[in-house]
Amino acid sequence: MNDLASPTTYDFATAEPRWQRAWQEAGCFEVPDVPDNAKPKYYVLEMFPYPSGKIHMGHVRNYTLGDVVARYKRARGYQVLHPMGWDAFGLPAENAARERGVHPGAWTRSNIAAMRAELQRMGLSIDWRREFATCDPEYYGQQQHLFLDFLEAGLVERRESWVNWDPVDGTVLANEQVIDGRGWRSGAPVEKKLLSQWFFKITQFAPDLLAALDGLTRWPDRVRTMQAKWIGRSEGARVRFPLTVPNAGMTDIEVYTTRPDTLFGMSFLAIAPEHPLAAAVAAADPAAAAFVAECRRLGTSEAAIETAEKRGFDTGLRVRHPFLPEQSFPIWVANFVLMEYGTGAIFGCPGHDQRDFEFATKYHLPIITVVAPLESAPREPGDSAYDGPGRICNSGFLDGLSIDEAKSAAIRALEASGFGTGVVNWRLRDWGVSRQRYWGCPIPIIHCGVCGTVPAAKASLPIRLPDDVSFDRPGNPLDHHPTWKNVACPRCGAPALRETDTFDTFVDSSWYYARFCSPAAAEPVAREAVDAWLPVDQYIGGIEHAILHLLYSRFFARAMRKTGYLNADEPFAGLFTQGMVTHESYRGADGRWLYPEEVRRDADGTTQHRDTGEAVTVGRVEAMSKSKRNTIDPGAIINGYGADTARWFILSDNPPDRDMEWTEAGVAGASRFVQRLRRLAEASVACDTTPPGEFAPAAMELRRATHRTIAHVTEALESFAFNVAVARIYSLVGAVTDADRVPDVPGMAYARREAIEILARLIAPSMPHLAEEIFARISPGAGLLAEASWPEADSALVAAQSVTIAVQVMGKLRGTIEAVPGERADRVVSAAAAEPHVARLLEGKRILKRIHVPDKIVNFVVAP
RNA sequence: GCCCGCCUGGCGGAAUGGUAGACGCAGCGGACUUAAAAUCCGCAGCCCUUUGGGCAUGGGGGUUCAACUCCCCCGGCGGGCACCA
């Protein structure tokens, strides 16, 4: 296996594929579906990619991080499951079909082939036998199976929900396809439309999804907080406000509030534009209908609704107040009330809710203060609502109570009078999974005129997507297909129609981690495999998935447990969220975006176009995106520098959870380091590996540096501080370089060789090809590093010989002293006081306090 | 609008409440070279007149013998907001 490169230049272009073949032939990364009991298991998973056609730097970063973990854990003696697959359904394939006339399936398959080849060139330690794509019928058929089981278990429901509707294209729009309230292709104003859809009842698990966050100790705190807020448990009350005049069969409006203590501060009631009462009013009043229609053009996203100017329509209807029977209040339709949260209606308390305040100010509604801030008298309504602590006032029987006391008292009164109840409310909504699109997993349901909605027979799965579809018409191609949807009802045999909606692609990605354990199983998962491998020990991906994907996966694990597929209910025991890869952006003289390879930077710091010489403006550093053209093609980087260099630069640049900036200089630096290390190793080739009887001080110094580096790098890798691990490795390389300047002393050759071998082992997770190359060179015949164990630090060599103690006077550093580790406090303190500079400052001063932190610091506090 | 983060030299960053700036990039000086590249050696937070001193972790305040680190207020930047993945 060793036709090694010349010692002066490391030829990564031949070495990298050679080692990739060696690993593959040895099957280094293959693990069985049911792991061997002899070794502990470790499941490393990176979020699988969407096959857009090319890998981007975000992928390179993601898979490098995962590969470091996988290779490190393997060296630590774990059996490591490290698979790869494709999140292959989704909108871009349909866009490609509409724009370029290619079939979504063909487009996706060729993208997968191209991306697989690129990923393989990165030298990832993946068990490629487990690869699958979510568009494989073998996968999505099992997903249909799961859906039917969930349906039987009461975890699925069909109901109506609002979608963004493009009236010109006749299609449902994703939120991202709604731009300034208009469809992205047609430009037509978007409407909200009510569609009958399938929902996963994720809210069933809301209490558990919230409570179990506490157990996810290896998740970033911020992701846990984001999920907790998203699930959004709140305690409050449902309050019934009777209509003064019944309308459309309704006698009262129910409101949800977290502030029943402020009920006396009410000045209006507001309902969502989608509220049934709004519909009833609109039916009778054209002005109301116009307002509701206008709200429908706002789109369905919360951001759009809440950032829009607060607007309302006075219905002219009024409600009575449970605590103020002699008064009545107007009912408004308001664009900022969300139908999906609570009951779709609120009572407006402008004194103590900012949105209500803005609304009341705009429409000249009363603003009543009912909470007095503790420190001062009741404030005059100013330019904002007061939502801080205080005592209740202007509130009849609640006066003088604290906010919490008043909440309880108000709820008791509501319950006694039958006007309301205390409730726990969840912000989390059920997960609508129906999508009116072709390139997704067909929902296995049949609509029969006789039997209604009938689940497909499990024996008929997978329900495959038809290949012969056309995208030349608006709408869903499955719906226009001439024959696909025509089937016999599985229950009565009468002619019936298939559901033509497909699943949200988040469904596909909510259980793939389980499928990887037994990718060929004839059922969704092989029980023995998932019980052994799950949960995923380390999951790695972008923070942008902190809520939806991770929450849906947590729901799926629970649902699969309930339907008997799993033991685990948390899919990901450890989570790491990486930052984005960014790059400078460039614009030409005419303002158009330029690719980095079109730009030349001169020694004087000016930038210009490589070909035309025109001046180039360097823009800000931001996330790589096609539109800004500030992308770097990983394939070109691997061709030019090799996979190890790319991996090393990515790891060395900054902490992996922060955004990193891709720079040419950084890659070049990493590349120089690769060459330097390879050169440095050459001097320790064919060196005796028997420890000599004697080590000169310089040799011992190097050995101590080596073993301290093992300890430091190990600690850094364990805590995802990969940039620190890199720095420690640089330091050891520096120590070897320093040692090379010392004349050959006893034990130095051994110590140097040891340092090089340890370096090879320590870089093996990050730069696996270079590590193998060096290891094979200095330890011929010793096998593959990919299968070698992690080095152990010799604790005797790690222990410090002496420590530097900082000496402060009044907390300011005034000198340092050397001491034996663990030296007695009184001796350290007197030595510190004797330090010349310190002694001068202490002269004639009364010492009030002597603070001694062992092996760290001495601080003298003196009288002024 | 709501929610969640982040902010340290020219740049990326390091630092269990205990010597702020490890390590790297860029820079400067030197060696080697006819020259350049590569390589090797060295310097380097800012200010002041020094061998000394002062100021420095976005700004302001607090806790502490000691604060990048803990608490409060403010500012700037970024991410998410349910049909993009």
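Residue numbers start from 1 in every chain, and the chains themselves are labelled A, B, ... in the order their sequence lines are given, proteins ahead of strands. FYI, side chains are in, hydrogens and waters are out, and symmetry mates aren't considered; it's all heavy atoms of this structure.
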[X] side chain: which of [options] is closest?
| X | options | answer |
| --- | --- | --- |
| A:Arg814 | B:G80, B:G53, B:C83 | B:G53 |
| A:Lys849 | B:G54, B:C4, B:C65 | B:C65 |
| A:Val861 | B:G1, B:A85, B:C65 | B:C65 |
| A:Thr225 | B:G5, B:C41, B:C81 | B:G5 |
| A:Ile543 | B:G12, B:G5, B:G79 | B:G79 |
| A:Arg679 | B:C81, B:C4, B:U39 | B:U39 |

Taking any strand in view, what nucleotide pairs with [N] in a Watson-Crick or G-U wobble way, both distances under 3.5 Å?
| N | answer |
| --- | --- |
| B:G29 | B:C41 |
| B:A56 | none |
| B:C2 | B:G80 |
| B:U49 | none |
| B:U64 | none |
| B:G24 | B:C11 |

Could you state the [atom1]-[atom2] distance from [X] to [N], rounded to the nearest angstrom?
| X | N | atom1 | atom2 | answer |
| --- | --- | --- | --- | --- |
| A:Leu91 | B:A85 | CG | P | 5 Å |
| A:Asp740 | B:C41 | CG | C1' | 14 Å |
| A:Asp166 | B:C83 | CG | P | 18 Å |
| A:Glu94 | B:C84 | CD | P | 13 Å |
| A:Leu651 | B:G12 | CG | P | 19 Å |
| A:Tyr341 | B:G1 | OH | C1' | 15 Å |
| A:Gln227 | B:C3 | CD | P | 18 Å |
| A:Asn95 | B:C84 | CG | C1' | 10 Å |

Describe the nucleic acid contact of [X] in one word from base, sugar-phosphate, nothing, applying a heavy-atom distance below 4.0 Å.
| X | answer |
| --- | --- |
| A:Lys310 | nothing |
| A:Gln197 | base |
| A:Arg435 | base |
| A:Glu661 | nothing |
| A:Arg224 | nothing |
| A:Ser434 | base |
| A:Val172 | base |
| A:His545 | base |
| A:Trp431 | nothing |

> Could you walk me through whether A:Thr804 and A:Glu818 pass the side chain to side chain donor-acceptor pair (under 3.5 Å) check?
Replying inline: CA-CA 5 Å; A:Thr804 306; A:Glu818 289 298 310; 2.7 Å; yes

> Which nucleotides of nucleotides 18-26 of chain B have their base under 4.0 Å from a protein heavy atom (B), which only their sugar-phosphate (S), and which neither (-), written as one string 5' to 3'?
Replying inline: BB--BSSSS

Do the side chain of [X] and the main chain of [Y] share a donor and acceptor less than 3.5 angstrom apart?
| X | Y | result |
| --- | --- | --- |
| A:Glu499 | A:Pro442 | no |
| A:Asp87 | A:Pro49 | no |
| A:Thr134 | A:Ala88 | yes |
| A:Glu160 | A:Gln197 | no |

> When you check the gap from the basic side-chain N to the acidic O, do A:Asp430 and A:Lys201 get nearer than 4.0 Å?
Replying inline: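 Looking at A:Lys201 together with A:Asp430, the answer is no, because their closest N to O distance does not fall below 4.0 Å.
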
[atom1] spacing across the pair [N] / [M], given as an integer number of angstrom:
| N | M | atom1 | answer |
| --- | --- | --- | --- |
| B:G60 | B:C65 | C1' | 24 Å |
| B:C47 | B:G61 | C1' | 26 Å |
| B:C23 | B:G76 | P | 36 Å |
| B:U57 | B:G5 | P | 23 Å |
| B:G21 | B:A14 | P | 15 Å |
| B:G78 | B:C73 | P | 23 Å |
| B:G13 | B:C6 | C1' | 14 Å |
| B:G17 | B:A56 | P | 23 Å |

>> Would A:Arg435 pass as a cation-pi partner of A:Phe503, given that its NZ or CZ must be under 6.0 Å from the six-membered ring centre and within 45 degrees of the axis?
In response: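 Pair A:Arg435/A:Phe503 does not count as cation-pi.
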
>> A:Cys441 vs A:Phe89, test: side chain to side chain contact (heavy atoms under 4.5 Å, CB included). Steps then yes/no.
In response: CA-CA 8 Å; A:Cys441 168; A:Phe89 277 135; 4.1 Å; yes

> Is there a side chain to side chain donor-acceptor pair (under 3.5 Å) between A:Asp501 and A:Gln436 once you walk through the steps?
Replying inline: CA-CA 5 Å; A:Asp501 285 356; A:Gln436 297 69 42; 3.2 Å; yes

> Using a cut-off of less than 4.0 Å, is there contact between a side-chain N or O of A:Arg850 and OP1 or OP2 of B:A66?
Replying inline: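 A:Arg850 to B:A66 OP1/OP2: no side-chain N or O under 4.0 Å.
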
> side chain to side chain donor-acceptor pair (under 3.5 Å) between A:Gln578 and A:Arg658: does it pass, once the steps are laid out?
Replying inline: CA-CA 6 Å; A:Gln578 65 179 69; A:Arg658 291 198 208 166; over 6 Å; no

